[in-house]
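For reference, the structure is listed below as structure tokens.
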Amino acid sequence: MLTANSRALRALYPDALKRILNVASGDESRAWLSHWDAISAQPTPLVELPGAAARLGVASVSVKDESFRSPLGSFKALGAPIALMRLILRLWPDHAIDPQALIQGRHRNLLTHFTVISATDGNHGKALAAAAQSIGCACVIVLHANVSVEREEAIAAYGARIVRIAGNYDESVEHAAQLARDNGWHVVSDTSYEGYETIPRDVMQGYGAIAAEIIEQAGEFAYTHVFLQGGVGGLAAGIASYLWEIHGEKRPRFIVVEPGQADCLYQSALAGRAAKASGSVDSVMAGLACGETSPLAWQILEACVDHFMLIEDDDAVTAMRTLAAGEDDDLPLVSGESGAAGLAGLAVLMNDAELARAAGLNAQSRVLLISTEGATAPGVYAELVGESAQAVAKRRDERLAALAQ
Ligand SMILES: Cc1ncc(COP(=O)(O)O)c(C=O)c1O
């Protein structure tokens, strides 16, 4: 399913939106994160997939591979640490805290009684736990019933205390808020709600680093279409706002892809305001299984996303396998359930002439996809792809070595 957003503007990036997200603050966040040892010192690879482009009938397909961002395995490593750092700077304005020293744990004596908490479906919680560990404060993570034990263990490995509830994601958000009120803890959430916008804004701003790297890596090359997967909308807002501010009215078309069961952004587009999902919110794409749009992200998305679309779980699994296989001589890529959603969306559109036409996709289109995660749940990955992430990575390395000869 695909819907066009008649409110999408083709104009300069508005000043009103600059007050939420802007390039200057994105670049500052990127500079701060360059001092964190959990982030790769190199930009993540921007990989060309000529085989996929020829097969699908577009001019080019490029994939920004965020599995290389961090040992945490996803782009989420860019969000929570920035929000946590900015929170601490706001709470202790008189301590002349140096961001570099902060992320390297050199202010930990100040933070012995400071606790942060968040609900998560996996990747955000892992990033917050890792950031809290590096900075030197306590972290509590609330998990809902559908988060796998594998993801729970990955978060606990970074020293977070885990609270498991029987309910769904939205209930875990409420539970975290209650625990914070009862204990004087600070919620560091990646989604906004009424009266709670500063921290999710900072999380989204951290994601701008992906767009900054893409601009440096692409040089003069201009993309016509960018596919962005949607959970609560933060990733899409962080990247789209940055590209929009840089490219102005020449910005690429943005297409947001969500699981059909977790269609909160699609429903928002239909309703003309931040809305809830209409489905069960249970998807193999765990990072995208979100029931409620972040209203702050929606302010950006409603102004620039040209199309919202829905995919099935099977579409994502097929895309994971396609990327892992390195079909048609492409480089094999490890892309997790949510990571492969962009390619899945492109394939759904290109396999239906009417949908492709509606999205303005044709043989001249230069498409950018963001593979937002690697195998963040390695067991789930191996089961779905039929091969372990290590085996896929090994084939990738062998291929690169052969190309280098
Ligand atoms: C791998 C992955 N991709 C995409 C998303 C979507 O991000 P957002 O919820 O900010 O829209 C998430 C969210 O957790 C994720 O983990």
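Every heavy atom of this structure was used, including side-chain atoms; hydrogens, water molecules and symmetry mates were not.
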Verdict with supporting geometry, Lys18 and Asp15, salt bridge (Lys or Arg N to Asp or Glu O under 4.0 Å): CA-CA 5 Å; Lys18 272 190 202 156; Asp15 286 342; 3.5 Å; yes
Show, in sequence, the C-alpha distance, side-chain angles and deciding distance for Ile39 and Leu78, and conclude whether the side chain to side chain contact (heavy atoms under 4.5 Å, CB included) test is met. CA-CA 8 Å; Ile39 295 272; Leu78 296 168; 4.0 Å; yes
Does the pair Leu49 and Leu323 meet the rule for a side chain to side chain contact (heavy atoms under 4.5 Å, CB included), with working shown? CA-CA 9 Å; Leu49 299 183; Leu323 289 167; 3.7 Å; yes
With salt bridge (Lys or Arg N to Asp or Glu O under 4.0 Å) as the criterion, how do Asp202 and Arg90 come out once you've worked through the C-alpha distance, each side chain's angles and the decisive distance to 0.1 Å? CA-CA 12 Å; Asp202 294 342; Arg90 278 194 301 276; 3.2 Å; yes
Checking Arg69 against Glu213 for the salt bridge (Lys or Arg N to Asp or Glu O under 4.0 Å) test, could you report, in this order, the C-alpha distance in whole Å, the side-chain angles of both residues, the deciding distance, and whether it holds? CA-CA 12 Å; Arg69 178 63 63 191; Glu213 286 180 9; 2.8 Å; yes
For side chain to side chain contact (heavy atoms under 4.5 Å, CB included), just list the numbers for His307 and Val256, CA-CA rounded to whole Å, side-chain angles, deciding distance to a tenth of an Å, and then say yes or no. CA-CA 6 Å; His307 298 276; Val256 162; over 6 Å; no
For Arg30 and Glu216, run salt bridge (Lys or Arg N to Asp or Glu O under 4.0 Å): C-alpha distance rounded to whole Å, both residues' side-chain angles, the deciding distance at 0.1 Å, then the answer. CA-CA 13 Å; Arg30 186 182 177 203; Glu216 286 164 9; 3.0 Å; yes
Using the rule given for side chain to side chain contact (heavy atoms under 4.5 Å, CB included), can you reason through Ser268 versus Leu270, listing the C-alpha separation, both sets of side-chain angles and the distance that settles it, and then say yes or no? CA-CA 5 Å; Ser268 303; Leu270 297 183; over 6 Å; no
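Scanning for side-chain hydrogen bond (donor to acceptor under 3.5 Å, both in side chains) contacts around Arg55 gives Asp328, with sequence neighbours left out. The salt bridge (charged side-chain N to carboxylate O under 4.0 Å, His left out) search around Glu171 returns none, not counting sequence neighbours. Residues satisfying the side-chain contact (heavy atoms from CB on, under 4.5 Å) test with Gln390, not counting sequence neighbours, are Ser388.
If you check the side chains of Thr376 and Arg151, you find a donor sitting under 3.5 Å from an acceptor. Of the N and O atoms on the side chains of Ser294 and Ser192, at least one donor lies less than 3.5 Å from an acceptor on the other residue. Thr44 and Glu66 form a side-chain donor-acceptor contact under 3.5 Å, judged by distance and modelled atom types alone. Between the side chains of Asn22 and Glu245, no donor-acceptor pair of N or O atoms lies under 3.5 Å. Arg86 and Thr198 form no side-chain donor-acceptor contact under 3.5 Å, judged by distance and modelled atom types alone. Side-chain contact check for Ser29 and Gln205: no donor-acceptor pair (N or O, by modelled atom type) lies under 3.5 Å. Between the side chains of Ser338 and Thr372, not a single donor N or O lies within less than 3.5 Å of an accepting N or O. A donor and an acceptor atom, one from each side chain of Ser67 and Asp65, are located under 3.5 Å apart. When only modelled atom types and interatomic distance are considered, Arg366 and His225 share no side-chain donor-acceptor pair under 3.5 Å.
Here the side chain of Ser118 pairs a donor or acceptor atom with the backbone of Val188 at under 3.5 angstrom. One N or O on the side chain of Asp306 and one on the backbone of Phe254 form a donor-acceptor pair closer than 3.5 Å. Distance alone, capped at 3.5 Å, is enough to place a donor-acceptor pair between the Tyr13 side chain and the Leu17 backbone. Between the Thr293 side chain and the Cys264 main chain, a donor and an acceptor come within less than 3.5 Å of each other. The backbone N or O of Ala138 sits nowhere less than 3.5 Å from a side-chain atom of Arg161 that would complete a donor-acceptor pair. Looking only at distances, no side-chain donor or acceptor of Trp244 sits under 3.5 Å from a matching main-chain atom of Lys250. Judged purely by atom type and a 3.5 angstrom limit, Arg251 has no side-chain atom pairing as donor or acceptor with the backbone of Arg10. No donor-acceptor pair under 3.5 Å is formed between the side chain of Gln261 and the backbone N or O of Val281. Thr120 contributes a side-chain N or O that, together with a main-chain N or O of Gly125, makes up a donor-acceptor pair within less than 3.5 Å.
Of the inter-residue distances, the one linking Leu368 atom CG with Leu46 atom CG reads 6.5 Å to the nearest 0.5 angstrom. Here Ser371 contributes atom OG and Phe68 contributes atom CZ; the two are 10.0 Å apart, rounded to the nearest 0.5 Å. Interatomic distance, CD1 of Ile311 versus CG of Asp313, reported as 8.0 Å (0.5 Å rounding). For the atom pair CD1 (Ile370) and CD1 (Ile210), the distance works out to 6.5 Å, reported to the nearest 0.5 Å. Annotation: the span from Leu369 atom CG to Ile255 atom CD1 amounts to 10.0 Å, rounded to 0.5 Å. To the nearest 0.5 Å, atom CZ of residue Arg357 and atom CG of residue Asp352 are 9.0 Å apart.
Heavy-atom minimum distance, Ile20 versus Gln299: CD1-OE1, 3.3 Å. Residues Ala341 and Leu288 share a closest heavy-atom pair of CB-CD1, 3.8 Å. Heavy-atom minimum distance, Glu337 versus Glu373: N-OE2, 3.3 Å. Pairing each heavy atom of Arg396 with each of Leu333, the nearest pair is NE-CD2, 4.1 Å. Nearest heavy-atom pair, Ala297 versus Gly234, reported as atom, atom and distance to 0.1 Å: CB-N, 4.0 Å. Considering all non-hydrogen atoms of both residues, Gly238 and Ser241 come closest at O-OG, 3.3 Å.
No more than 12 heavy atoms of other residues, nucleotides or ligands sit less than 6.0 Å from atom CD of Glu312. Environment of CZ in Arg108: crowded, with over 12 heavy atoms of neighbouring residues, nucleotides or ligands closer than 6.0 Å. Atom CD of Glu249 has more than 12 neighbouring heavy atoms from other residues, nucleotides or ligands inside a 6.0 Å radius.
In this structure, the side chains of Leu228 and Val257 stay at 4.5 Å or more apart for every pair of heavy atoms.
Classification of Lys76 and Asp190 as a salt-bridged pair holds, one side-chain N sitting under 4.0 Å from a carboxylate O. Residues Arg7 and Glu302 are paired through a salt bridge, judged by an N-O separation under 4.0 Å between the basic side chain and the carboxylate. One finds no salt bridge joining Asp330 and Arg399 here, because no Lys/Arg side-chain nitrogen approaches an Asp/Glu carboxylate oxygen to under 4.0 Å. Ion pairing of Arg395 with Glu387 is present here, as a side-chain N (NZ or NE/NH1/NH2) and a carboxylate O approach within less than 4.0 Å.
Among the candidates Thr112, Leu84, Leu110, the single residue satisfying the side chain to side chain contact (heavy atoms under 4.5 Å, CB included) test with Cys137 is Leu84.
Using cut-offs of 30° and 60° for the angle between ring planes, the Phe114 and Trp92 rings count as perpendicular. By the 30° and 60° cut-offs, the orientation of the rings of Tyr196 relative to Tyr193 is parallel.
Separation of the Phe308 and Trp298 ring centroids falls under the 6.0 Å cut-off.
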